[in-house]
Amino acid sequence: MAQFDFLQDEDINALIIRLAADAAQVMAPEEADLADLVAEEYLDQVREAGALLYPGKVRDMSLGIGEAELWLLVVLPVLTGFVANLMAEIGARTMLGIRERWTHSGAAGAPAAALQPDQMRQQLVTQARLVGMSDAQIEQLAALVSASLLAVLLTGQQGGGAS
């Protein structure tokens with residue numbers, strides 16, 4: 001379970017839910033209103049299992065939250081794995097560290113290198129392949145994650161958002 005301890009943090013859960021909602025809004029708009037409920041249930045099950053869960057992969061670890069065709073159930077393991085990779089790679093202060101670098105760089109008009117879509121793609125591709133996402137979907141998701149993280153960091157920097 002240690003690799004998913006970050007799911008005990010409400011801000012991290014909110015970030016994953018926001019990323020899922022942003023992705024659903026673009027890639028599966030008919031599911032956007034379900035993002036909060038599906039993501040919360042998914043994250044609860046990941047915390048309980050101590051592992052990423054994939055729809056229909058293994059009987060004893062399958063999700064019991066509705067249709068396996070829900071696009072949200074495809075993107076949630078990718079996003080949760082992405083956040084887990086960030087936490088493992090950079091440590092528990094990932095978002096604060098990126099924000100700190102952003103603030104000190106004085107580059108208000110240009111995104112930090114760590115937030116570029118090509119950097120996001122590298123972090124997303126392994127999990128995305130496991131759930132069967134196409135190259136076009138991975139590219140679209142990388143752009144969405146990059147833009148969403150940038151929005152979260154800018155909002156937090158201005159004092160109005162989650163950290």
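Quick caveat: nothing in here was measured; it's all calculated off a predicted structure.
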Q. Do you know which two heavy atoms are closest between Ile16 and Leu79, and how far apart they sit?
A. O-CD1, 4.3 Å
**Q.** Between CG on residue Leu53 and CG on residue Leu73, distance to nearest 0.5 Å
**A.** 10.0 Å
Side chains of residues 124-133: which donor-acceptor pairs under 3.5 Å do they make with residues two or more places apart or in other chains?
{"residue": "Gln127", "atom": "OE1", "partner": "Tyr54", "partner atom": "OH", "Å": "2.3"}
{"residue": "Arg129", "atom": "NH1", "partner": "Asp135", "partner atom": "OD1", "Å": "2.9"}
{"residue": "Arg129", "atom": "NH2", "partner": "Asp135", "partner atom": "OD1", "Å": "2.6"}

Q.
Once rounded to the nearest 0.5 Å, what's the spacing between atom CE of Met27 and atom CG of Leu72?
A. 11.0 Å
Q: Return the minimal non-hydrogen interatomic distance between Ala32 and Ala24, and the atom names on each side.
A: CA-CB, 4.0 Å
Q. Which atoms form the tightest heavy-atom contact between Phe4 and Ala84, and what is the distance?
A. CE2-CB, 4.2 Å
Q: Can you see which heavy atom on Ala20 is nearest to which on Leu76, and at what distance?
A: CB-CD2, 3.8 Å
**Q.** Between CG on residue Leu7 and CG on residue Asn13, distance to nearest 0.5 Å
**A.** 5.5 Å
Q. Would one find more than 12 heavy atoms of other residues, nucleotides or ligands at under 6.0 Å from atom CD of Glu10?
A. no
(Q) Distance check, rounded to the nearest 0.5 Å: Glu40 atom CD versus Gln45 atom CD? (A) 12.5 Å
Q) Pairs in or reaching into residues 72-82: which pass side-chain hydrogen bond (donor to acceptor under 3.5 Å, both in side chains), with residues at least two apart or in two chains? A) none
Q: Examine distances only and state if a side-chain atom of Arg18 and a backbone atom of Ser148 form a donor-acceptor pair shorter than 3.5 Å.
A: no
Q. When rounded to the nearest 0.5 angstrom, what distance separates CZ in Phe6 from CG in Asp11?
A. 13.5 Å
Q. Has the side chain of Gln137 got a donor or acceptor atom that lies under 3.5 Å from a matching backbone atom of Ser134?
A. yes
Q: Mind running side-chain contact (heavy atoms from CB on, under 4.5 Å) on Leu19 and Val75 for me, showing each step along the way?
A: CA-CA 9 Å; Leu19 292 173; Val75 76; over 6 Å; no
